[in-house]
2 protein chains.
Amino acid sequence: MSRASEQAYAKIRAHVLSGAARPSEQLTEDQLAQIAGVSRTPVREAVRRLEDELLLVRSDTKRLFVADWSRDDIEEMFALRQMLECHAAERAAARLSREQIAQLEALNRALKAAIELPAPDVAQFLEANRAFHEVIVDAAHSPRLGQMLAKLVEAPVVLRTARTYSPEDLRQSARDHDELIAAFAARDPDWARAVMGSHLRRAFHTFARAVGPAAGE
Amino acid sequence: MSRASEQAYAKIRAHVLSGAARPSEQLTEDQLAQIAGVSRTPVREAVRRLEDELLLVRSDTKRLFVADWSRDDIEEMFALRQMLECHAAERAAARLSREQIAQLEALNRALKAAIELPAPDVAQFLEANRAFHEVIVDAAHSPRLGQMLAKLVEAPVVLRTARTYSPEDLRQSARDHDELIAAFAARDPDWARAVMGSHLRRAFHTFARAVGPAAGE
DNA sequence: CCTCGCGTTATTGTATACAAAACGCGCCCG
DNA sequence: CGGGCGCGTTTTGTATACAATAACGCGAGG
């Protein structure tokens, strides 16, 4: 995207994710234009993207608010992500090149390195993790699938600040990735799908436990 | 959406779907503004929506073109739709109200009526069919799922003019719907999923046969 | 004759001014 | 005392002018 519109997107996103704007708080285009330092035109463009990514929502009469997700919403998003990403893993198993598999191995090494420092580097872990999953989705060769997943993966990041990543969670993720790589190397779509499924489902429960005391759990 | 932007969307969409603009043809915002009878501002808004719906695509340097789908693209979209809508059917089985099931029955009666006229009314069939699937997706109570499906269901419509609906295809659809209703009435998620799966998979093959001589079929 | 660079033109991106619509508040009437 | 209606204010939507950027053609140099 063009410079102003991209900047507007980045700044507004940061503004929302940083928590400077609280859930359900109203935002006006003028406000956002000021924050982003551009005019309302590119702001409107950026806002549309953020709406699409579910970070912002519109009231019935076009007023803009910071999205506020219920537990059900979060559960729904995880379920969709799981469905789509399992599909991606299945397809990727048949399509990943040797180079891509090597890339996955490298990324998972980086991920483990981020864990085992004296103090685990969560940001670095998240980046390696993101890249890892991205390689898989790309290898699925399904552009619309990628597009859909991008939205779902982005969204929960909002709450990342609330998350407390225990060292054991991080290590388990790394082990899952190892097994995924094994499944890919074996070109076994069923295996890949199954591993991805449990990987994400566990992530959901870890997340849910940290985020709030479930309704009936 | 607001009036001008909505009108731009509708007119541009019609322009593309009618075939007045051929696949891969470049469109300029000025052109489209003239066609829609509004200024470029709402056109840009409409274009973003149509891009999102995959009817229009942008070159690497922001120039706008009418989308041209390969057979792989179409196959991909059907696969995604099948995955998502099977999920919707499964969830709907547990959530559909009695009223909604009655509504499905009514819609399927309308659908059958549209078939059996002296000359089948395809437009009416399509409308009843769309409404039928919409009820199911709504009942799944998964807003993002609905949003994703909307895109996928819209898209293939482009080629609908190319489709020749045989009477037998239409009748088979009606039978599938009957079985879906039975599965819902029995509150059987697995049954619902399975029926939806074969319903959509068959639709894909019918579609593929009509649209082009498959790569290796 | 081909190719690289530059100026021209077409096209998209941004800002700003204005129009339309929605909110909220106070007032009037029941 | 409460509810709805009108009016000023706020917020979003649209048009238009201008800026930036990409495509294209043409001419000079190899």
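Per chain, numbering begins at 1; letters A, B, ... match sequence-line order. Model, not experiment: these values are computed from the prediction.
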> Apply ring pair (Phe, Tyr, Trp, His ring centres under 6.0 Å) to B:Tyr9 and list each qualifying residue two or more places apart in sequence or on a separate chain.
none
> Base, backbone or nothing for each nucleotide of nucleotides 6-20 of chain C, written B, S, -, heavy atoms under 4.0 angstrom, 5' to 3'?
-----SBBBBB----
> With a 4.0 Å cut-off, would you call B:Arg49 and B:Glu6 a salt bridge?
yes
> So, using side-chain hydrogen bond (donor to acceptor under 3.5 Å, both in side chains) as the criterion, who are the partners of A:Gln34 when residues are at least two apart?
none
> Roughly what angle, to 10°, lies between the helix axis at the start of the helix from C:dC1-D:dG30 to C:dG30-D:dC1 and the one at its end, five pairs per end?
20°
> Can you name the residues that form a side chain to side chain contact (heavy atoms under 4.5 Å, CB included) with A:Asp138, not counting sequence neighbours?
A:Glu134
> Go through the structure and list residues passing side-chain hydrogen bond (donor to acceptor under 3.5 Å, both in side chains) with B:Glu75, not counting sequence neighbours.
none
> Quick one: side-chain hydrogen bond (donor to acceptor under 3.5 Å, both in side chains) partners of B:Glu76, sequence neighbours excluded?
A:Ser142, A:Arg144
> Atom CD of B:Gln7 and atom C1' of D:dG13: how far apart are they, to the nearest Å?
14 Å
> Can you give the donor-acceptor pairs under 3.5 Å from side chains of residues 122-129 of chain B to other protein atoms, not counting sequence neighbours?
unit_1, atom_1, unit_2, atom_2, d
B:Glu127, OE1, B:Arg130, NE, 3.2
B:Glu127, OE2, B:Arg130, NH2, 2.8
B:Asn129, OD1, B:His177, NE2, 3.3

> Suppose we screen for side-chain hydrogen bond (donor to acceptor under 3.5 Å, both in side chains). Which residues come up paired with B:Ser2, at least two apart in sequence or across chains?
none
